[in-house]
Amino acid sequence: MAQPDGSRPVTVSDVQQLVKRKDEIEAQIKACYELLESQKGVGMNEPLVDAEGFPRNDIDLYQVRTARHNIICLQNDHKALMKQVEEALHQLHAREKEKHAKDEAEALAEAMSQNQSLPQAFARVNAVTPGSPASISGLQVDDEIVEFGSVNANNFQNLQNIASVVQHSEGRPLSVTVLRSGKKVHLGLTPRRWAGKGLLGCNILPLQR
């Protein structure tokens, strides 16, 4: 059991031991009361002398006195033990609460650091035609573009930058990095002629920063 100075934290096992001891004390108290009951139903307060003031000879006075004394001592032990159980449970709950708060703080810190480490996007995909080169590469609506070939947030000026890269890369795979649901996704996109318009088959809008 942990000392009041907190030299060792209370464990679940400590609490279980205290509860076991409490059950033992309760069983001992019950046994003492049963002994009193067997002595003509003498309780804790019935007189042990007869009407004339002589010790009763119909009961075992020694057993009765011992049982009464034991009950008083055991009840005091029980009271002190209940206080210990309560304090131990309180410590356990407080530590559990503290651990929960710490876990939440760590999860929040991790999420924030991930957000900070995510690269900056400069454009967003707002349409992808099924069967197009963009669709086949895995590009999806609402993907935010971080890198499109040599174009990134640092050198992007307008959509003409992307158009120029697409024209110069016809038939050759382009490395495209997008942010999707807060995660980076790398795609290989090959601009080429297909049944639809343009070489990609998607619509890209610049992001307003």
Side-chain angles (χ1 to χ4, degrees), residues 1-121 124 138 140-144 146 177-187:
M1 181 65 199
Q3 298 305 312
D5 61 3
S7 56
R8 183 173 76 79
V10 174
T11 64
V12 173
S13 170
D14 290 331
V15 176
Q16 286 170 341
Q17 282 174 2
L18 287 172
V19 170
K20 189 180 169 203
R21 176 82 186 110
K22 175 188 80 76
D23 291 344
E24 286 168 2
I25 289 177
E26 285 171 357
Q28 288 172 339
I29 291 173
K30 184 168 178 278
C32 288
Y33 271 116
E34 282 171 358
L35 191 145
L36 290 180
E37 190 61 37
S38 72
Q39 295 290 322
K40 310 273 188 199
V42 171
M44 290 295 286
N45 305 309
E46 279 75 14
L48 301 184
V49 292
D50 59 23
E52 292 166 9
F54 293 106
R56 286 173 61 173
N57 58 11
D58 60 335
I59 55 175
D60 186 328
L61 291 174
Y62 175 76
Q63 274 198 347
V64 171
R65 285 200 180 99
T66 304
R68 284 181 173 182
H69 174 74
N70 286 346
I71 286 172
I72 291 165
C73 293
L74 287 166
Q75 281 178 338
N76 286 337
D77 289 349
H78 186 266
K79 195 174 172 185
L81 202 59
M82 288 304 287
K83 194 163 184 282
Q84 274 185 290
V85 170
E86 196 181 324
E87 281 171 7
L89 286 172
H90 179 70
Q91 277 187 49
L92 270 185
H93 289 318
R95 207 161 70 247
E96 201 56 44
K97 205 171 166 187
E98 194 179 298
K99 183 179 177 293
H100 182 65
K102 192 179 166 203
D103 288 348
E104 276 193 343
E106 281 174 5
L108 187 63
E110 193 181 332
M112 283 173 74
S113 71
Q114 277 182 353
N115 286 343
Q116 284 164 1
S117 64
L118 287 175
Q120 193 182 352
R124 184 173 66 82
Q140 294 180 11
V141 172
D142 286 335
D143 279 351
E144 294 193 347
V146 172
T177 304
V178 300
L179 294 181
R180 183 181 297 161
S181 305
K183 293 192 176 109
K184 273 204 295 189
V185 180
H186 299 283
L187 307 167

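Heavy-atom basis, side chains included; hydrogens, waters and symmetry copies ignored.
Residues satisfying the side-chain contact (heavy atoms from CB on, under 4.5 Å) test with Arg65, not counting sequence neighbours, are Leu48, Leu61. Residues that satisfy the salt bridge (charged side-chain N to carboxylate O under 4.0 Å, His left out) test with Asp60, not counting sequence neighbours, are absent from this structure. Partners of Ile72 under the side-chain contact (heavy atoms from CB on, under 4.5 Å) rule, at least two apart in sequence or in another chain, are Met44, Asn76. When the side chain to side chain donor-acceptor pair (under 3.5 Å) test is applied to Lys183, no partner is found at least two apart in sequence or on another chain. With sequence neighbours excluded, the residues forming a side chain to side chain donor-acceptor pair (under 3.5 Å) with His186 are Thr177, listed by chain and number. Residues meeting the salt bridge (charged side-chain N to carboxylate O under 4.0 Å, His left out) test with Arg21, sequence neighbours left out: Glu24. By the side chain to side chain donor-acceptor pair (under 3.5 Å) test, Asp103 pairs with Lys99, sequence neighbours left out. Checked against side-chain contact (heavy atoms from CB on, under 4.5 Å), Val141 has the following partners two or more places apart in sequence or in another chain: Val128. With sequence neighbours excluded, no residue forms a side-chain contact (heavy atoms from CB on, under 4.5 Å) with Glu86. Listed by chain and number, the residues in a side chain to side chain donor-acceptor pair (under 3.5 Å) with Asp58 are Arg56 (sequence neighbours excluded).
Here the closest heavy-atom approach between residue Ala88 and residue Val15 is recorded as CB-CG2, 3.7 Å. Nearest heavy atoms, Pro9 versus Asp14: O-OD2, 4.1 Å.
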Which is it for Gln84 and Leu81 under the side-chain contact (heavy atoms from CB on, under 4.5 Å) test, yes or no, and what are the steps along the way? CA-CA 5 Å; Gln84 274 185 290; Leu81 202 59; 3.5 Å; yes
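Among residue pairs with one or both ends in residues 66-79, none qualify as salt bridge (Lys or Arg N to Asp or Glu O under 4.0 Å); sequence neighbours excluded. Within the structure, salt bridge (Lys or Arg N to Asp or Glu O under 4.0 Å) contacts touching residues 25-54 (residues at least two apart or in different chains) are Lys22-Glu26, Lys30-Glu34.
Here the CD-CD distance, from Gln39 to Gln63, works out to 5.5 Å after rounding to the nearest 0.5 Å. Leu187 CG to Asp143 CG: the interatomic distance, rounded to the nearest 0.5 Å, is 7.0 Å.
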